[in-house]
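Reviewing the structure listed below.
Computed from a prediction, not measured in an experiment: that's the story for all the values here. Every chain is numbered from 1, with letters handed out A, B, ... down the list of sequences.
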Amino acid sequence: MTATTMTPADRADHLGIHQPRLPKWGPAVIAAGSAAVAIAIGLVAGLQSKIQWGLIAAILFVIGQYVIASRVEGRRQAKDRLATALVWVAFLLAVVPLASLIYETIARGIKVLNGYFLTHSMNGVVTIQPGGGVYHALLGTIEQVAIATLIAAPIGLLTAIYLVEYGKGKLAKAVTFFVDVMTGIPSIVAGLFILSVWIMMLGFGYSGFAGSLALAILMMPTVVRSTEEMLKLVPNELREASYALGVPKWKTILKVVLPTSIGGITTGVMLSIARITGETAPLLLLVFGNPMINNNPFEGAQASLPLYIYEQWANGNEASYDRAWAAALVLIAFVMILNLVARGIARWKSPKTGR
Amino acid sequence: MTTDIRTPAPPPPQAPKAQPGHLTSAKGTGRLGDKIFLGFSRGAGITLLVLMGAIAVFLTIRAVMALSKNEGNFFTTFEWNANSTPPVFGIAVLAFGTIVSSIIAMLIAVPIAVAIALFITHYAPRKLATPIAYVIDLLAAIPSIVYGLWGALFLVPHLTGVYKWLDSWLGWTVVFSYDGGAARSLMTVGILLAIMILPIITNVSREVFAQAPKMHEEAALALGATRWEVIRTAVLPFGRSGVISASMLGLGRALGETMAVATVLSPSAILSAKILEPGGGTFAQNIASAFKEAGEFGRDALIASGLVLFVITLLVNGAARLIIARRKEYSGANG
Amino acid sequence: MKLLPRTKRTRAAALGAVALSGALVLSACGSDNNTGSGAGGAQEDGASDIKCDDAKGQLLASGSSAQKNAVDQWVKDYTAACSGVTVNYKATGSGAGIQEFLQGKTGFAGSDSALKPDEVTQSKKVCKGGQGINLPMVGGPIAVGFNVDGVDKLTLDADTLAQIFAGKIKTWDDAAIKKLNPDADLPDTKIQPVSRSDESGTTDNFTSYLADAAPKAWPHEPGKKWPIQGGQSADGSSGVSSQVKQTSGAISYFELSYAHANSIKTVDIDTGSGDPVEATTANASKAIAAAKVTGKGKDLAMELDYATKEPGAYPITLLTYEIACDTGNKKDSLAAVKSFLTYTASDKGQDVLNDLGYAPLPNEIQGKVQDVVESLS
């Protein structure tokens, strides 16, 4: 510390504790360089798939980053650079297919998506020709999901209340465990169960309601889980205050606990609705599918949006693919709106828990 | 903090937090309203238990009916001819396909998901992190049939080039040998499943990483650790069990996924180590494709295979839950 | 509902109202009427000829995907004329269609192969006092579609076909193929035979052809399930045809209408009768005309000669049936089944087939079918 005019960096250099660093624009240059080399390799070697180009660029970037950094900055820093590079590459690697999925769905779906498509069924449409719509499937999905919600939401809510407010002992433990386990039931197994009981044993026919039953099974555990989390967030002081005023427990739950957490609960329920809306497998076994509008979910084959996508895909011609993409777009939009509304409610209601 | 940063001690076990609701009166006050309400809520809980029991029982009954007439060995037979007389069907190919495709999915998805979770919590610029986390959250909600549609019409044609490439470099391993047809193989299924379960694993991992004790990270930084060293010593050890349970949840979804497999795979009853070649099958895919041509008996047979799938996912999920439960105990994560 | 907290009550009410009004709006604006759309609205004049009788309600049917494109057109024209009836035909495959018919879930089944004896026995349960009968309704060539870059026309014989599908001939420039196609510019692409992964009457017919016409190269028993494991496979005629469309080097078998729908080129078959026979409806009709009725009584099951050497007759021909009860059809669907099948067997119904890639029934058979349909009860 001889000179007083030294900047801290100079001082660090002087003391020998400051290692040489790559300039800030280093990684960007390496990234650009590896992309360029990858394109060159791709063009020269005649690789058709853009996926390959991307993979080559990614590998070059990771290696380049490591080699250059270990030359300039030393081994430890190089490892850090390597990790950073890998994380970025992984992120991009994941974003590409997901972005492509969204892009493809929108780009291909928009072709036939219009008012006619939304308000007409497939009745009398020859599948190899364009035309027809998705209305009957949308209606079926809404009805099936609504019924499933009517069944699953109350049971799920009450179970959660039981677990949080009353739960003690073996029963509660068992319920907790099996709710967890139930979350993981494959949807096709839920479908098989309803098939074996409702259709094969009790002899009912295919109907939207049979599909709803399977959807309800899939929905219950997620409702319990999310509601449980929300109820646990309600501060105990609120309950105690209520008890202190002589309010019975059940009234405390209904008037204090539930209103406090209602935002979170609604969010949870809506998220699980969004989840079951996209289920296809159980519906494949239970609702049969129908090109016509069937308003009655309790009687007769019904259509459903996910099933419609599958059927149109299975038709295997361009007109049907267009319909499948458009229906997929409608389905994604439907699910996303549910999600966004749910999250909106969560945000809007969230300060309540902080009280 | 005098602890070596390489082995961060778990947070000291806290006294078990009193569960909400139990502080005052465990059983209410004995008033009629309380009894009715308790009855309802307990009834709902019992309904769930009964439902789980019923699923197990009914599937088992049906499965036993099918198995008693099976002429082949259920576990070693390759083909699925439940409609023929006599019926011959087995799950060897299905079990193999289910496990292989799920393993491929896990091998791809877990490292990437962990990396993305780290990206969001530790690497991305603050401004970007929240929206990215949000978008990935939304992606978890995209229905599987849409992934299936995209997989069949977009991913499959785009993978042939990559597979040819793999074949030319790694073809000698047999596993990666490839003949050049449409890429409708277990590998493609694995890749598609990986893309599907990525959001789930990322979300859970991200939450765990975000909970890593800031003190440890700051201590490590203060000792001159690089960002990677901070993560390796303070974040990953803390998050390990969380990542494992997240992966198990993802695995559970991959095992039971139906539509995305049914649309992408070219099924046939062969067991082959060549994962880039078409063929094979999974439990869920077989149920979806064989269902429509199955008679009463064929359905029972499919239910038997569904029961096996059910048991496998139960085990996987149970394991995941146990790991989560253990972690919760010592992190005191209860609000 | 005083117990519910107010916030929740209003919200529940609001949500309910939104859902309800949403449903109302939805159910108010939807329409089953698609007659104004699509390209095939040409049958307006024919509508008046269709006898609806007292057919009402929904007719559920399922089965063969081979005849789906024909049934789609029939349903479209039929329901345009008979507003009281809706027909829901699901192309689940012949096996599935028969199963569902035998379980009493559908009014009739479409199938590419006639009922087997044990299926006839089973059908007596559903058909009170009668049994299931096969009514030939649609014929058509099973085209062998291929996707080879730079090749528009391809001739193959039964032996070569069998070897291709058995995996013995592996590339398109194989000597056996070259010999049959001296003029074609065959690439060295790998051959990707695509088979049906589901049970199917199309497979049944195609393997019967291979077994009859090329017994040496094709040692497998004919059947609904593809006998060779491995290789590319797909679900339904639509599935295999879309695979051929997407995959360079692919070859598969499906009804001509699927080849037309996806603009796939088809193989000419060298039957040894002289000129190679193209897969056309006219050539298929020649093969069907030579077929014999083997069913007894009202059952009109037929047998085709796959090894036919008749000039111009396309040997891989498929005849699909509608399967219904001779007596004891379900009361609520009998009228609809009868009037729908009456239409499909009529001249008007058979006339639409040609454009769709199917072959109309020969007159003699058509007459018999009409008589039997008339007598259904």
Q | Interchain contact, A:E311 with chain C, by part (heavy-atom threshold 4.5 Å) | A | side chain
Q | Selection from A:I265, A:V126, A:I128 maximising heavy-atom pairs under 4.5 Å formed with chain C | A | A:V126
**Q.** Minimum side-chain heavy-atom gap A:N315-C:K68 below 4.5 Å
**A.** yes
**Q.** Residue part contacting chain A, namely of C:N88, when any heavy atom lies under 4.5 Å
**A.** both
Q) C:D235 side chain to A:A314 main-chain N or O, any donor-acceptor pair under 3.5 Å? A) no
Q | Spatial distance of atom CG (C:N69) from atom CG (A:N317) [nearest 0.5 Å] | A | 8.0 Å
Q | Minimum heavy-atom distance between A:G316 and C:S242, given as atom pair plus value | A | O-CB, 3.5 Å
Q.
Please classify the contact between C:V240 and chain A as side chain, backbone, both or neither, with a heavy-atom cut-off of under 4.5 Å.
A. neither
Q: Could you look at C:Q243 and say if it's the side chain, the backbone, both or neither that has a heavy atom under 4.5 Å from chain A?
A: neither
Q: Can you see which heavy atom on C:V87 is nearest to which on A:M292, and at what distance?
A: O-CE, 3.6 Å
Q) chain C heavy atoms under 4.5 Å from A:F288: which part of the residue, side chain, backbone, both or neither? A) both
Q | Most contacts with chain A, counted as non-hydrogen pairs under 4.5 angstrom, among C:E100, C:Q103, C:H260 | A | C:E100
Q.
Quick check for you: to the nearest 0.5 Å, what is the distance between C:Q58 atom CD and A:N290 atom CG?
A. 5.0 Å
